[in-house]
Amino acid sequence: MNQTEQKKFFSQHLLEWYMHNKRDLPWRRHRNPYYIWVSEIMLQQTRVDTVIPYFHRFIERFPTVEDLADAPEQDVLKCWEGLGYYSRARNLQTAAKQVKEHHGGQVPDDKQSVFALKGVGPYTAGAVLSIAFNKPEPAVDGNVMRVLSRYFLIEEDIMKGSTRSFMEGLVVELIPEGRASDFNQALMELGALVCTPKSPHCLTCPVMEHCSARLEGVEESLPVKTKAKPPRPEFRVVALVEGSGEHAGKVLIRQRPQEGLLARMWELPHVQVPQSRSGRLPDEPAMDILAGALLEEGITARPTGYMMDAEHTFSHIHWNLQVYSCREEELTLAAETKAVYTLEHEVEDAEPIHRWICEEDMARYAFPNVFLKIIREYFNGKQTAG
DNA sequence: AATACGGGGAG
DNA sequence: CTCCCAGTATT
């Protein structure tokens, strides 16, 4: 069998398989370009099972492009809370404003306009154009590269841009006339259900008999991919400040900076500490550093004791968190402490925004998972103790 | 071309 | 535990 025949076989049998085996997914129930766009953004780096409940909540809260464009950013982040890569949510709303402004609220169907949307790159542009509008554009994600690298025995590193470009050209050749939507989804569906990263289910694969990697017995060692650097460790000391007086029963949170990691989300006040040789810092110096950091931030509270440890791994950083209970100082004492402190130190500019919140208020602020876990633990403990 | 940017699932 | 997943923006 020559290569042309191998390609034809692949396209025909894969498409046939998909039409009988495709999953019933929420964004497949209508051909609504907005639904497809939202789902594709959510599905970046994220599994289908994780996305489904978020997708339902998101569409219920923001049924149309215009609803999303007009919403407060904090509402959008709250809806994305726990899903990760929050720049996707911020960019999606920016793009919704672009669509409202320049395309009358209708998702554009030309390559130039779709690609110009914030957060839409080569993959997502191809996915929206093909899935929503049946345009013969490639949508090459990790699933597609895995399937193609095996079937055609492509041993180039898939992390290289040149490899992805090659795959895009290949997909354009493979798309059956007029079937871009189903074919691109078929490619990804095969990668998700059959041609899996580890122990692929070759015996149920519709194109196994002409799969080059399978015929060579090397399907498990493809695709070739350089592995990522391990995340660097960081140690941080965190304050769970319990309010006094008018803030009784509340805890103190602050908003993260406008840019960078977890931008504009909310968190517990904390400070990074140098990594000691033994790893974690003993309680005494940790609480001392924390006390100074709180004062520096204009918070009149003092650490009272150890509460818990928490860990969180981002793709590039590993956080080791030591959480300490702290107590807000009474007003008169606080004023005195603050007065003495400001006499001895330069006053900080650009202080972060702080809020005192009770358990119910958590529904109105978007937190990264690790702080959600700590704050919930605190309120649960309160409930049990009280 | 290299780095920043979250969070889950499988074994 | 360890390993895997892998799009877009920025520089």
Side-chain angles (χ1 to χ4, degrees), chain A residues 37-54 77-95 98 114-129 131 137-149 156-165 167-168 184 187-188 191-193 195-201 220-234 256-267 310-321 366-373:
Chain A
W37 175 30
V38 169
S39 73
E40 288 301 336
I41 299 295
M42 287 187 170
L43 287 165
Q44 291 169 7
Q45 327 284 339
T46 313
R47 310 172 121 76
V48 165
D49 290 343
T50 306
V51 164
I52 288 173
Y54 281 91
L77 285 175
K78 187 66 190 176
C79 228
W80 211 271
E81 182 185 74
L83 199 54
Y85 283 120
Y86 300 97
S87 64
R88 292 184 298 172
R90 299 189 302 266
N91 290 339
L92 182 58
Q93 189 183 26
T94 301
Q98 290 177 270
V114 173
F115 199 79
L117 298 175
K118 196 88 169 143
V120 174
Y123 164 72
T124 308
V128 170
L129 290 164
I131 298 174
E137 295 290 333
V140 176
D141 70 350
N143 287 311
V144 173
M145 288 197 282
R146 186 169 58 253
V147 169
L148 296 181
S149 70
E156 304 298 314
D157 185 342
I158 64 166
M159 296 307 277
K160 287 165 57 181
S162 58
T163 307
R164 202 206 62 214
S165 297
M167 301 256 187
E168 285 172 349
N184 276 346
L187 222 32
M188 293 187 270
L193 299 179
C195 197
T196 47
K198 279 178 292 188
S199 15
H201 310 120
E220 295 250 30
S221 55
L222 287 174
V224 173
K225 191 180 158 199
T226 58
K227 40 183 181 285
K229 289 193 310 187
R232 65 173 186 273
E234 280 186 8
R256 291 186 58 84
Q258 293 297 302
E259 306 294 332
L261 182 69
L262 303 167
R264 306 197 280 280
M265 307 240 334
W266 293 78
E267 64 180 5
E311 285 186 45
H312 192 71
T313 307
F314 303 91
S315 27
H316 57 309
I317 307 171
H318 181 87
W319 274 0
N320 296 278
L321 303 182
F367 299 93
N369 267 354
V370 63
F371 292 110
L372 220 44
K373 193 170 62 183

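Naming convention: chains lettered A, B, ... in sequence-line order (proteins, then strands); numbering from 1 in each chain. Heavy-atom basis, side chains included; hydrogens, waters and symmetry copies ignored. The structure displayed is predicted, hence computed values, not measured ones.
Between A:Trp319 atom CH2 and B:dG7 atom C1' there is a gap of 13 Å when expressed in whole angstrom units. The CG-P distance, from A:Asp49 to B:dG7, rounds to 18 Å in whole Å. Taking atom NE2 of A:His318 as the reference point, atom C1' of C:dC1 lies 12 Å away to the nearest angstrom. In this structure, A:Glu311 places its CD atom 15 Å from P of B:dG8, rounding to the nearest Å. Rounded to whole Å, the distance from CD on A:Glu220 to P on B:dG11 is 12 Å. Rounded to an integer number of Å, the gap from CE of A:Met42 to P of B:dG7 is 14 Å. Between the C1' atom of B:dG7 and the CG atom of A:Leu261 lies a distance of 12 Å, rounded to the nearest Å.
Comparing C:dG7 with B:dA10, their C1' atoms are spaced 22 Å from each other, to the whole Å. Look at the P atom in both B:dG6 and C:dT11: the space between them is 16 Å, to the nearest Å. Of the P atoms belonging to C:dT8 and B:dG9, the separation is 23 Å, rounded to the nearest Å. Distance noted for atom P between C:dC4 and B:dC5: 24 Å (whole Å).
Take the nearest nucleotide of DNA chain B for A:Ser199 and for A:Leu262: the residue whose nucleotide is more 5' is A:Leu262. When each of A:Met265 and A:Lys229 is assigned the nucleotide of DNA chain B with its nearest heavy atom, A:Lys229 is the one assigned upstream, toward the 5' end.
Nearest approach of A:Lys373 to A:Glu311, heavy atoms of both residues: NZ-O, 4.0 Å. For the pair A:His318 and A:Pro231, the tightest heavy-atom approach, listed with the atom from each and the gap, is N-CB, 3.9 Å. Across every non-hydrogen atom of A:Ala192 and A:Asn143, the tightest pair is N-OD1, 3.7 Å.
Checked against a 6.0 Å centroid threshold, the rings of A:Trp266 and A:Phe371 do not count as neighbours.
Checked by atom type and distance alone, the side chain of A:Glu220 pairs as donor or acceptor with a backbone atom of A:Ser199 at under 3.5 Å. Checking side-chain atoms of A:Arg88 against main-chain N and O of A:Leu83 turns up a donor-acceptor pair under 3.5 Å.
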(Q) Output one letter per nucleotide in nucleotides 2-11 of chain C: B when a protein non-hydrogen atom lies under 4.0 Å from the base, S when only the sugar-phosphate is that close, - when neither is. (A) ---SBBSSS-
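Contacts of A:Gly161 with the nucleic acid, taken as non-hydrogen atoms under 4.0 Å apart, are absent.
Applying the 4.0 Å criterion to OP1 and OP2 of B:dG7, one finds that A:His312 has a side-chain N or O inside that range. Between A:His316 and B:dT3 there is no side-chain N or O to OP1 or OP2 distance below 4.0 Å.
Of the candidates B:dG8, B:dG6, B:dA4, B:dG6 carries the atom nearest the A:Thr46 side chain, counting heavy atoms from C-beta on.
Note that CG of A:Leu187 is 11.0 Å distant from CZ of A:Arg146, once rounded to the nearest 0.5 Å.
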